[in-house]
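Below is one structure; the comments refer to it alone.
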Amino acid sequence: MAEVLLQNLEKRYENDAHAVKGVTLAARDGEFVVLVGPSGCGKTTTLRMVAGLEEITSGNLMIDGVRMNDREPKDRDVAMVFQNYALYPHMTVFENMAFPLKMRKVPKAQIKTQVEDVARLLGIDHHLKKKPKELSGGERQRVAVGRAIVRKPKVFLFDEPLSNLDAALRTQMRAELKRIQRNLGATMLYVTHDQVEAMTMGDKIAVMNKGELEQFGTPSEIYEHPASVFVARFLGSPAMNILPGGIIHESQNSYFVSNRLKVKLDRPSEVGNVYLGIRPEAIILERGCNESDAISGKLILIEPVGSVTHYYIEREDAFGGTFVASVPHGRMLDGGNALGETVTFRIPGEAIHLFERDSGKRIT
Ligand code: ATP
């Protein structure tokens with residue numbers, strides 16, 4: 001059993017940097033929780049407070065119901081894996097993995113069995129006699145993971161552990177880490193700025209922005225019901241299209257309006273200033289579609305990525321100055337398929353997300 005509870009966790013550094021602002025979340029027993037957000041949003045600081053490497057300014061850190069704020073790192077029963085592996089270069093793989101057990105004065109025979117078991121689990125048992133420099137990046141990362149696993153802590157803390165690996169190895173290690181975590185039934189907090197890692201690995205995702213927790217939920221909750229424009233834009237690639245406009249009522253229906261665009265909503269909404277959000281893959285391509293619920297613009301970028309192609313049109317009113325549709329490979333656009341042509345996308349009312357203009361928060 002290991003449940004990690006962060007209650008209103010705050011961090012102010014001595015220079016008055018307010019790095020973490022009242023973060024509350026729970027990682028249930030055996031859950032894989034990913035902390036994700038842009039650089040500087042406070043992910044690492046949060047993780048380091050859980051590890052005991054950073055003092056907690058206020059709030060509570062509970063592990064299995066016990067307040068841990070003032071416990072030494074070694075008494076929290078957590079293991080942390082860093083981005084740079086931090087293996088001892090002069091020790092063999094075996095010695096590196098055995099180190100935490102040796103420090104805890106575990107008997108030699110037991111150390112041998114535990115290290116060998118974990119090495120087999122990670123597929124590095126044939127490297128035990130080698131030094132870290134004789135290993136590839138992925139193998140070294142496995143040793144670092146092994147060193148964390150070997151003493152069976154209650155909680156694993158991972159800080160961007162895959163960011164030094166190449167793309168193919170990252171994908172492989174993502175799946176592997178997830179499998180290992182499931183097999184061990186371990187509770188894990190995992191920091192990354194990579195949204196794909198967050199979506200593919202997390203049972204739950206905590207999206208952070210400027211020290212605050214913007215949203216905490218399952219990957220599908222966060223993707224399908226982003227709580228704010230920030231979350232909507234952060235997860236998903238290409239990012240969700242965002243267009244400012246307003247809501248009006250006409251003959252008992254609600255409409256989103258902006259310039260010539262007028263899209264009927266599938267649900268009533270309050271009148272006011274809003275942002276419309278629409279995922280690129282929710283755009284519909286239709287020849288000769290009705291002018292009012294369609295958006296047109298000059299095609300300025302075409303990105304074929306295999307099964308789909310991303311088409312960007314120029315729209316000064318949209319976030320980032322572009323509006324993008326992701327369509328299955330081989331579909332023709334309404335208007336043409338070449339750069340510089342004016343093309344039209346239809347926006348289906350039922351796929352629209354709405355956000356308050358002032359706060360950026362979702363309107364349900
Ligand atoms: P990254 O992905 O770049 O590692 P992060 O989300 O992990 O970013 P943190 O490292 O937690 O962000 O930093 C959060 C904020 O706290 C930043 O503004 C950073 O400058 C500040 N900060 C971090 N460590 C310290 C420190 N030791 N002293 C003062 N300010 C700090």
Side-chain angles (χ1 to χ4, degrees), residues 4-27 32-61 63 68-70 72-73 76 78-86 137 141 144-145 148 155-167 169-171 173-174 177 187-202 204-217 219 222 226-237 239 360:
V4 183
L5 184 59
L6 279 54
Q7 286 177 323
N8 217 3
L9 220 56
E10 290 266 343
K11 178 68 188 181
R12 275 183 198 277
Y13 284 106
E14 275 147 27
N15 63 359
D16 222 28
H18 199 176
V20 178
K21 301 173 185 166
V23 167
T24 297
L25 62 86
F32 195 125
V33 171
V34 179
L35 305 179
V36 69
S39 183
C41 71
K43 319 176 284 290
T44 298
T45 302
T46 304
L47 202 71
R48 287 173 62 83
M49 285 196 283
V50 177
L53 302 173
E54 209 66 76
E55 207 179 303
I56 295 169
T57 309
S58 65
N60 293 317
L61 166 68
I63 298 180
M68 290 286 162
N69 293 45
D70 304 317
E72 290 294 315
R76 296 187 183 195
V78 301
M80 188 149 168
V81 179
F82 300 92
Q83 179 179 348
N84 59 8
Y85 325 144
Q141 188 52 274
V145 172
V155 182
F156 291 105
L157 307 173
F158 280 55
D159 191 1
E160 306 242 7
L162 307 184
S163 52
N164 287 345
L165 307 179
D166 65 43
L169 202 51
R170 273 178 91 111
T171 310
M173 284 299 288
R174 264 201 322 247
L177 270 183
T187 308
M188 191 175 292
L189 296 186
Y190 185 104
V191 161
T192 181
H193 61 266
D194 180 337
Q195 49 130 339
V196 178
E197 239 168 74
M199 292 291 287
T200 53
M201 296 178 88
K204 297 260 180 67
I205 301 179
V207 186
M208 293 186 67
N209 180 26
K210 296 182 185 152
E212 288 182 26
L213 183 62
E214 288 259 339
Q215 190 170 5
F216 184 58
I222 287 185
S228 62
V229 170
F230 175 83
V231 175
R233 297 274 294 171
F234 191 78
L235 292 160
S237 179

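Counting starts at 1 for both ligands and their atoms, following the listed order.
- Between A51 and M80, the shortest heavy-atom distance links the atoms CB-SD, 3.6 Å.
- Ring geometry for Y190 versus F158: interplanar angle under 30°, hence parallel rather than tilted (30 to 60°).
- Shortest non-hydrogen contact noted between V231 and P226 is CG1-CB, 3.9 Å.
- Among L9, L35, L5, the one residue that satisfies the side chain to side chain contact (heavy atoms under 4.5 Å, CB included) test with L25 is L35.
- Evaluation of the side-chain contact (heavy atoms from CB on, under 4.5 Å) rule for E212 yields K21 as partners, not counting sequence neighbours.
- Distance alone, capped at 3.5 Å, places no donor-acceptor pair between the E54 side chain and the R48 backbone.
- Around ligand 1 you find Y13, N15, A17, A19, P38, S39, G40, C41, G42, K43, T44, T45, E160, each with a heavy-atom distance below 4.0 Å.
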